[in-house]
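Working notes, beginning with the structure itself.
Sequence lines set the chain letters: A, B, ... in the order given, protein chains first and strands last, and positions in each chain run from 1. Basis for what follows: all heavy atoms, side chains included, without hydrogens, waters or symmetry-related copies. Just so we're clear, the structure is a prediction, and the values are computed from it rather than from any experiment.
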Protein chains: 2
Amino acid sequence: MALSTTAPKAFIQQQNLVEQVADYLTQAIIQQHFLPGERLSEVQLSRDLGVSRAPVREAARLLESRGLLISKPRRGFFVRALNAVELEDVFDLRLCLERHAIQRLAECYTPEAKRALEQQVDVLCKAAAANDGTRRIEEDLQFHRLMLHYAGNERLLRAFDDLTHELRLCITLITKTHEAPETIATSHFQLLEALSSGSPDACREAIDYHIGIARDFVVKGVGETGEHADEDLFSR
Amino acid sequence: MALSTTAPKAFIQQQNLVEQVADYLTQAIIQQHFLPGERLSEVQLSRDLGVSRAPVREAARLLESRGLLISKPRRGFFVRALNAVELEDVFDLRLCLERHAIQRLAECYTPEAKRALEQQVDVLCKAAAANDGTRRIEEDLQFHRLMLHYAGNERLLRAFDDLTHELRLCITLITKTHEAPETIATSHFQLLEALSSGSPDACREAIDYHIGIARDFVVKGVGETGEHADEDLFSR
DNA sequence: CGATTGCCGACTGTCGACAGTTTTAACGCT
DNA sequence: AGCGTTAAAACTGTCGACAGTCGGCAATCG
């Protein structure tokens, strides 16, 4: 995964500057080194990272297409801030994609897929037990990504990956509140059971419940902690 | 690469060079001035358009995120070529998004939405009757975009817009074969009726049928005319 | 005659610089 | 002291240039 962390200065050296800058920015945004709505200065960034502005700009465009940044012409790039409505929309789209995926997957549920998913749930549970917050989130997302992967539609997977960036954005902001490890375990086992049953309805019910839980968690978190419901990025 | 349009040079002038270049490239790709798999030279493009390479590169990145171009490191940008599997995936994702959208829309089907959709069908039918191929496609897409819009999920709409670029890519490639105007009309009226009925199942059935038609048309078109099923973009 | 290796051209990745615009800050006026 | 005006600073958009790299061609060797 990402070998990011402390050093903000000049740890970029070799190749694919654009991708490296993009990774750096992504990590920095998720870890809230840049606050939502904050303006990013190209010169500042290029100075800090020891690269020129061209790769920074291209990386910023990439992040914009992923919904992490927003560009205002002649004004620069700003860190995306999600309000309550947008947050609902993200989870609604996630539901849309995963419903479709799990039903497609149920149609072609190979032993290989079954094994991979079970193993991933195992990994996830261990991360949850270890109380490692960020890793728990990543392993959780990875489980769902695997579902999408084995559903056999590359384009669907890409749409999910696009959405994932925004998901990370809102999840990480909030989840100081930890879900109970046993809740996570049972919640995912239900999905596996539904898949094994092969019933589309059971799958749909399971995924609806599962994502509903996650959404409520995030929405509740927003209500409790920080409030981004005000107008943050209306101008587009 | 012959620039077909009248003024190949310096018809780009003032502001937002990136967006203008992106539009130009999009049009050129859709109208097949660049063939699938063709390599785009940055210097050539910047020379032809009378701009420097920086905006060209940024525009290319944008098109890449929209799935119209593919970048191979150190090799440049190539026009996306869709094989049969990817084409199936695109329509499967479209089905996924529109199913969700039409059911959400059925829950909140305002008179305003109804009126707008009916009017758009009207426009569409006129375009079909006038035998204007490209405009028919655009109006058709616009109808579906309106559906997504009134479904009330901005993020869902964005996902659809992202997909639309690829849809245009494969639709335009193929639709020399015209659908009969009356088929188009009835096909869309069915959607309106299902929406008015308010029944989720009716909506789902209608959209499944509708998109199935479109998909079969494209798949059949691929089988008849050009065949892109060979390995075109396996790398990466 | 075919395969290999070295060379040449073209192109991408990246950089520093310039011009126009936006934001900030100081300044003068009331 | 408050407010409008203006000048300076900072920043974005764009450009041309340089270096490293990749692909193709040709000359050489087996």
Rounded to whole angstroms, how far apart are [atom1] on [X] and [atom2] on [N]?
| X | N | atom1 | atom2 | result |
| --- | --- | --- | --- | --- |
| A:F77 | D:dG13 | CZ | C1' | 11 Å |
| A:Q44 | D:dA10 | CD | C1' | 11 Å |
| B:E64 | C:dT12 | CD | P | 14 Å |
| B:L49 | D:dC15 | CG | P | 11 Å |
| B:F78 | D:dC22 | CZ | C1' | 11 Å |
| A:R53 | C:dC18 | CZ | C1' | 11 Å |
| A:L62 | C:dG13 | CG | C1' | 16 Å |
| A:K72 | D:dT12 | NZ | P | 14 Å |

Please pick, from [options], the nucleotide with the shortest atom-to-atom distance to any side-chain atom of [X].
| X | options | value |
| --- | --- | --- |
| B:L17 | C:dC18, D:dC15, C:dT14 | D:dC15 |
| B:S52 | D:dG16, D:dT12, C:dT23 | D:dG16 |
| B:V51 | D:dC15, D:dG20, D:dG13 | D:dC15 |
| A:E42 | D:dG13, D:dC22, C:dT23 | D:dG13 |

Under a 4.0 Å N-O cut-off, is there an ion pair linking [X] with [Y]?
| X | Y | result |
| --- | --- | --- |
| B:E139 | B:R135 | yes |
| A:D161 | A:R145 | yes |
| A:E138 | A:R168 | yes |

By the 4.0 Å heavy-atom rule, please label A:R75 as base, sugar-phosphate, or nothing.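 The answer is sugar-phosphate, as A:R75 gets under 4.0 Å only of primed atoms, P, OP1 or OP2.
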
Identify whether any heavy atom of A:L45 sits under 4.0 Å from a base atom; if not, whether one sits that close to sugar-phosphate; answer base, sugar-phosphate or nothing.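 Result for A:L45 = nothing.
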
So does B:R39 reach the base of D:dG23 with its side chain, donor to acceptor, closer than 3.5 Å?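 No, the side chain and the base share no sub-3.5 Å donor-acceptor pair.
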
Under 3.5 Å, is there any donor-acceptor pair linking the side chain of B:R74 to the base of D:dG23?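 No pair found.
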
Would you confirm whether A:D89, through its side chain, and B:E154, through its main-chain N or O, come within 3.5 Å as a donor-acceptor pair?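 Such a contact is found between A:D89 side chain and B:E154 backbone.
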
Would you confirm whether the ring centroid of A:H188 sits within less than 6.0 angstrom of the ring centroid of A:H144?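 When the ring centroids of A:H144 and A:H188 are compared, they turn out to be within the sub-6.0 Å range.
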
Examine C:dG13: is either OP1 or OP2 under 4.0 Å from a nitrogen or oxygen in the side chain of B:R57? Give yes or no.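 Result: yes.
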
Comparing A:P55 and B:V43 on DNA chain C - which has the more 5′ nearest nucleotide: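 Result: B:V43.
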
